[in-house]
Amino acid sequence: MSHKTKYTLVAIILVLGVYGYEHFLKTEEKAEIVDAGKEVKTYTNEYFLPTSTTGQIVHHEGYSLSYSEPHEQAEWVAYELKKSHLTNTNFKRPYFEIDNAVKTGAASWRNYKNSGYDRGHLCPAGDRSYSQFAYDETFLTSNISPQEHAFNSGIWNTLEQKVRYWASKYDGVFVVTGGVLSGNMKTIGTEKVAVPNQFYKVLIDTNSGHVKMIAFLMPHENSNKPLYDFVVSVDSIEALTGIDFFPELEDALENKLEASSSYKDWSFK
DNA sequence: CTGCAATTC
DNA sequence: GAATTGCAG
């Protein structure tokens with residue numbers, strides 16, 4: 001063959017080689033996140049996981065979730081927020097990524113684009129700022145729900161900050177949070193991601209002597225009311241969602257704590 | 001902290 | 001599409 005043909009072939013091989021290597025790197029990066037879901041969780045983490053009404057629980061390094069395919073979002077996200085997790089580091093926000101660990105296919109972030117709704121974190125990025133990996137992992141689409149911006153940056157944000165305050169004060173809390181996926185809901189995007197009409201957050205603390213619980217149920221709208229106005233019993237959220245929140249607790253204790261809507265054990269400062 | 005959007009390459 | 005920059009609650 002001619003020299004010209006040889007050079008052409010070499011050039012093509014080089015281009016394919018570089019492309020292939022970059023593709024290999026990207027595949028490796030994705031594999032890291034997927035494999036992270038297979039890691040064995042700590043005892044405490046497993047212990048407080050709620051039941052799944054959808055049959056699809058996914059474990060990530062920094063949180064676990066139960067994915068509802070019909071609603072294209074998690075019915076709950078659960079994680080332990082330790083005092084040591086709280087840092088002042090200010091990571092750059094990454095791009096949202098489809099969660100490949102969701103076998104039925106997690107929603108694309110494109111559903112949210114120009115929808116008028118925020119990509120609202122369920123496990124807040126601010127709760128996983130102890131490492132770049134943990135922070136980035138919260139930007140998976142299985143960890144977000146459509147939220148009105150005024151709500152997300154308003155009273156919901158206030159609640160999230162209060163959770164961090166409690167995690168610091170009580171040396172760690174276990175957090176379960178999600179939207180109430182029932183009733184008539186609007187949808188956004190081509191995949192019809194449901195817009196919850198209410199959001200909840202359930203906390204349990206076992207590190208402060210005696211076990212205590214608190215639950216919040218908020219309409220999907222901003223509010224200037226104090227946080228304690230939204231305290232409800234865990235039982236009432238279980239009735240709404242069908243989720244059993246702390247099935248591993250001793251029954252008598254579980255029944256007592258979950259029936260209570262008292263917040264006397266939790267400091268609102 | 002919680003986010004979106006316009007701009008540039 | 002990726003990254004930077006600015007803006008808003």
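Please read these numbers as outputs of a predicted model, since none were measured by experiment. Excluded from the calculations below are hydrogen atoms, water molecules and symmetry mates; all remaining heavy atoms, backbone and side chain alike, are included.
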* Asked: Do any side-chain nitrogens or oxygens of A:N157 fall under 4.0 Å of OP1 or OP2 in B:dC1?
  -> no

* Indicate the atoms forming the closest heavy-atom contact of A:V173 with A:A167, along with that distance. => CG2-CB, 4.1 Å

* Under 4.0 angstrom between A:H121 side-chain N/O and B:dG3 OP1 or OP2 -> yes

* Counting any heavy atom closer than 4.0 Å, what does A:G126 reach on the DNA or RNA strands: base, sugar-phosphate only, or nothing? -> sugar-phosphate

* To do: Calculate the interatomic distance between A:W109 atom CH2 and C:dA2 atom P; express it in whole Å.
  => 8 Å

* Whole Å only: how far is the OH atom of A:Y117 from the C1' atom of C:dA8? -> 19 Å

* Asked: Can you tell me how far P of B:dT2 sits from OH of A:Y112, to the nearest Å?
  -> 16 Å

* Asked: Any idea how A:F199 and A:W156 line up, ring-wise: parallel (<30°), tilted (30 to 60°), or perpendicular (>60°)?
  -> tilted

* Nearest heavy-atom neighbours spanning A:S142 and A:V102 -> CB-CG2, 4.0 Å

* To do: Output yes when at least one side-chain N/O atom of A:R119 is less than 4.0 Å from OP1 or OP2 of B:dC4, else no.
  => yes

* Does A:R128 make a side-chain N or O approach to OP1 or OP2 of B:dC1 shorter than 4.0 Å? -> no

* For the residue pair A:Y135 and A:F91, does the interplanar ring angle fall in the parallel (under 30°), tilted (30 to 60°) or perpendicular (over 60°) class? -> tilted

* Whole angstrom value for the distance that separates C1' of B:dC1 from NZ of A:K162 -> 14 Å

* Across the strands shown, which category fits A:E160 at heavy-atom distances under 4.0 angstrom: base, sugar-phosphate, nothing? -> sugar-phosphate

* When you measure from the side chain of A:S153, which nucleotide among C:dG1, C:dA3, B:dT2 comes out closest? -> B:dT2

* A:N88 vs B:dC1: side-chain N/O to OP1/OP2 distance below 4.0 Å -> no

* To do: Would you mind reading off the distance between A:F139 atom CZ and B:dG3 atom P, rounded to a whole angstrom?
  => 7 Å

* Quick one: are A:T190 and A:N111 in side-chain contact, heavy atoms under 4.5 Å? -> yes

* **Spacing of A:I98 atom CD1 relative to C:dG1 atom P, expressed in whole Å** => 11 Å

* To do: Return no unless some side-chain N or O of A:K92 is found under 4.0 Å from OP1 or OP2 of C:dA3.
  => no

* Structure fact -> note: A:D118, atom CG; B:dC1, atom C1'; distance rounded to Å ~ 13 Å

* Whole-Å gap separating C1' (C:dG9) and CG (A:N152) -> 10 Å

* Of A:S115 and A:D127, whose nearest nucleotide on DNA chain B comes first from the 5' end? -> A:D127

* Structure fact -> Regarding the side chain of A:H149, the nearest nucleotide among B:dG3, B:dA5, B:dC1 is B:dG3

* Structure fact -> Looking only at C:dG1, B:dA5, C:dT4, the nucleotide nearest the A:Y95 side chain is C:dT4

